[in-house]
Each structure stands twice: as structure tokens, then as C-alpha cells.
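Here, residue 1 is the first one in the sequence, and each next residue gets the next number. This one's a predicted model, so the numbers in the text were calculated from it and none came from an experiment.
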Amino acid sequence: MKKTALIMAGGRGERFWPKSRKSLPKQFLSLTDDGKTMIQLTVERISSLVEMEDIYISTNKDYKNLVLEQLPGIPEENILCEPVGRNTAPCIGLGAVHIAKKYEDAVMMVLPSDHLIKYNKMFVQTLREGCEIAEKGPNLVTIGITPDYPETGYGYIKFNPDASDGHAYQVDCFVEKPDLAKAKEYLATEEYLWNSGMFLWKVSTILSNIRMHLPDLHSGLMSIQKAIGTQEQELVLEKEFAGFSSVSIDYGIMEKAENIFILPGTFGWDDVGSWLAVGRIKKTNEAGNVVDGNIITINSKNNIIQGGGKLIATIGIQDLIIVDTEDATLICEKNSAGDIKKVLENLKICNRDEYI
């Protein structure tokens with residue numbers, strides 16, 4: 001069966017401020033030493049599985065030119081521009097109807113654009129296994145990440161270790177982000193995986209589930225599908241998408257559906273959720289600092305320091321994040337990295353949009 005992919009690239013990456021901005025969000029930045037942006041790496045790692053003409057990018061209409069610039073091999077008609085943000089269920093549904101318009105049926109991989117994978121061959125093999133399970137029937141397949149510490153920032157998925165199909169297990173339930181005690185409990189049972197937000201299914205399967213569990217969304221998607229390729233396409237998309245409720249694929253479909261399978265992922269996954277990820281994915285020097293730019297550190301330990309041509313000198317500091325750009329500088333303790341969004345909230349209140 002034909003393999004296709006939808007890469008979700010509409011996020012703002014606010015926790016990577018001040019490098020990530022409304023005009024150039026995280027997925028279009030290079031955070032690795034190879035100089036490739038996150039969305040370029042996402043497309044590259046699936047290139048052995050999916051032809052470029054069958055890769056779709058779902059993004060904000062403001063980012064269409066960025067996608068064209070960074071991914072010149074993607075057909076322009078495959079760049080699906082959402083008129084407004086409506087969470088992942090409408091986003092995935094839009095991708096599904098475009099693929100359905102092109103093919104009678106196909107396997108559809110759904111991948112975020114801002115994850116990093118350390119072991120690409122293992123990742124691709126996991127996707128192949130997921131495709132096989134998706135093809136077998138009306139199965140919804142997700143990839144869970146084997147946890148190695150009690151993370152409280154991820155959702156978890158409980159699986160049944162006694163009900164398997166090859167390397168995949170039947171899903172018992174999706175659970176929200178836990179507190180530390182509950183996360184430790186999940187880790188001890190060995191029956192929970194981190195929710196990675198990656199999915200595989202046949203287009204017919206996901207559209208059938210949307211029709212069953214989100215009928216209003218399905219009705220609007222069918223109107224959009226009919227208009228694809230016509231002069232009315234953009235008009236219908238604007239009208240229908242604006243009327244969709246904002247709902248995640250987890251809440252709208254996965255928590256209610258049957259025939260859900262999960263594949264454990266052990267391929268070196270990182271969701272690159274905040275500046276703390278830079279400390280995991282880049283090499284540290286002998287003092288535990290991750291530095292990029294014109295940096296001098298003296299008696300400074302375990303810091304993340306990102307700059308440019310301007311000299312940054314530090315003395316006697318530790319466990320800080322320092323990010324310097326042309327018009328803004330961030331300085332925060334590592335354990336406060338989750339509060340970076342509060343800076344943006346403050347900027348919005350003060351109408352200082354030039355820094356957002």
C-alpha cells in the first residue's frame with residue numbers, strides 16, 4: 001500500500017524564545033551541529049520510506065514561504081496552510097482528506113516537525129512495523145517512548161503487555177501528565193510509555209474514526225475534500241476550518257477509539273520541548289557548559305549559553321540558560337525554563353509584539 005506522511009509544522013515554539021519567534025518558529029531553526037533545521041531533519045529521516053511527492057506539510061499560512069525555502073522538493077500543493085489553529089484533530093483530518101483525494105487509500109504517518117531522533121535506522125524500522133500493523137485492518141497505531149526517568153511533562157500511554165501483535169501492544173488507556181509520585185509509579189510498572197504524538201493508520205481508518213467520534217469535523221472535512229482542486233478550494237477551507245472546534249487527536253479520537261496499538265520506541269527520541277533539550281543533544285565542555293557563539297566562561301558550570309558575534313563572558317555562574325539575539329537576551333535558571341512562556345504573555349499584555 002502507498003505510504004504517505006503528514007508533518008505537523010504549525011507550532012510557535014514559544015519555550016525557545018528569544019531564538020524562536022512568531023516569524024521564525026522552532027521547527028525552522030537549526031539546533032544541531034549539522035546546520036540542518038528541525039523540519040529538514042524530519043523529512044530527511046523518512047525519505048527512504050516515503051516519496052517526496054507523498055509528504056504533506058501542515059502549517060500556518062504565514063510559514064508557507066519558509067517551507068518552500070527549506071523544503072524545495074515538496075510540491076507546493078502539498079503544503080497545507082491552516083487558516084487558523086484548531087489543534088491536531090482538524091490538522092490531521094485536513095491532511096487525510098488531501099491524501100484521500102489523491103489515492104483510493106494509503107497508509108498515513110503523522111509526525112511532528114520538531115522532534116530529534118538519534119538512531120534513524122531504528123526509527124525507520126519502527127515506522128515500517130507500524131505501517132504493517134496499520135495495513136492489516138482498521139488499526140490506529142501510535143509510537144510510545146520507553147521512559148528512562150519519571151518525567152512529569154509528558155502524557156503517558158498504558159499498554160497491555162499480554163496482548164501484542166509482533167512488537168506492538170494493545171493500548172489500555174491514555175493518561176494526562178502526572179505528578180512526580182504518579183510518574184514514578186508508572187515507571188515502576190513497566191506498562192506505560194511516553195506519548196510521542198506520532199501516529200500511523202490508513203487514511204480510511206482515521207476518516208472513519210473522525211466520522212464516528214467527531215461528526216461535525218467529518219462533515220466539514222468532506223466539504224473541503226470536494227473543493228480540493230477547484231476554484232472554491234481556499235474559500236471553502238477558510239469557511240469550514242474557522243468553524244471547527246479546537247480538539248486534539250488524543251482527546252477527540254484516541255481516548256475513545258478501538259483497535260489501538262502502540263509500538264515502543266527506543267531510537268533516541270527527544271521532543272526538544274525547551275532550552276533544556278540543548279543540554280541533552282549537544283556536547284558539553286569539561287565544565288558541563290553547552291556553548292554556541294563567541295563565549296568565554298570562567299568558573300562557570302552546567303550552563304547553556306547561546307550567542308552570536310557579540311562576546312559573552314560569564315564568571316562564577318552555574319545552572320543558567322543565557323540566550324542572546326540581536327534584539328533580546330534571555331537569562332534564567334534551568335529549573336525555571338518552563339516559565340519562558342510567561343515572558344511572552346507579558347510582552348503580549350504590553351503590546352510589545354516586535355519581540356514575540
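By the 4.0 Å N-to-carboxylate-O rule, Glu135 lies too far from Lys202 to be salt-bridged with it. Salt bridge Lys282/Asp292: present, at least one basic N to carboxylate O contact under 4.0 Å. Salt bridge absent: Asp179 and Lys182 never bring a charged side-chain N and a carboxylate O closer than 4.0 Å. For the pair Lys310 and Glu326, the salt-bridge criterion is not met [side-chain N within less than 4.0 Å of a carboxylate O]. In this structure, Glu14 pairs ionically with Lys348, as a charged nitrogen and a carboxylate oxygen lie closer than 4.0 Å.
The residue from Asp172, Ile157, Asn160, Val141 that alone fulfils the side-chain contact (heavy atoms from CB on, under 4.5 Å) condition with Ile262 is Ile157.
Ile7 and Leu116 are members of different hydrophobic clusters when ILVMFWY side chains are connected at heavy-atom separations under 4.5 Å. When hydrophobic clusters are built by joining Ile, Leu, Val, Met, Phe, Trp and Tyr residues whose side-chain heavy atoms come closer than 4.5 Å, directly or via intermediates, Ile210 is grouped together with Phe174.
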Does the salt bridge (Lys or Arg N to Asp or Glu O under 4.0 Å) test come out yes or no for Lys36 and Glu44, once each step is laid out?
CA-CA 10 Å; Lys36 296 176 181 177; Glu44 184 179 275; 2.6 Å; yes
Full working for salt bridge (Lys or Arg N to Asp or Glu O under 4.0 Å) between Arg211 and Asp216:
CA-CA 8 Å; Arg211 183 179 68 246; Asp216 290 343; over 6 Å; no
Evaluation steps, side-chain hydrogen bond (donor to acceptor under 3.5 Å, both in side chains), between Ser248 and Asn87:
CA-CA 5 Å; Ser248 71; Asn87 216 317; 5.0 Å; no
Can you check side-chain hydrogen bond (donor to acceptor under 3.5 Å, both in side chains) on Asn139 and Asn259, steps first, answer last?
CA-CA 5 Å; Asn139 301 322; Asn259 298 328; 4.6 Å; no
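Scanning all heavy atoms of the two residues, the minimum distance from Leu221 to Leu94 falls at CD2-N, 3.7 Å.
Side chains of Lys19 and Val323 form a contact here, defined as non-hydrogen atoms less than 4.5 Å apart. You'll find the side chain of Ile340 stays beyond 4.5 Å of the side chain of Phe16, heavy atoms only.
Under the 30°/60° scheme for interplanar angles, the aromatic rings of Tyr154 and Trp269 are found to stand perpendicular. Between Phe267 and Phe123, the ring planes are perpendicular. Angles over 60° get that label, and only those under 30° would be called parallel. Between Tyr186 and Tyr192, the angle of the ring planes stays under 30°, which puts this pair in the parallel group of the 30/60° scheme.
Between Phe261 and Tyr169, the gap from one ring centroid to the other reaches at least 6.0 Å.
For the residue pair Asp54 / Tyr103, a side-chain donor-acceptor distance below 3.5 Å is found, with atom types taken as modelled. In the model, Asp250 has a side-chain atom that pairs as donor or acceptor with a side-chain atom of Asn195 under 3.5 Å.
One distance of note links CD1 of Ile99 with CG of Leu6; it measures 6.5 Å at 0.5 Å rounding.
A side-chain donor-acceptor contact under 3.5 Å links Gln40 to the backbone of Thr37.
Annotation: Arg352, atom CZ; neighbour count of heavy atoms from other residues, nucleotides and ligands within 6.0 Å does not exceed 12.
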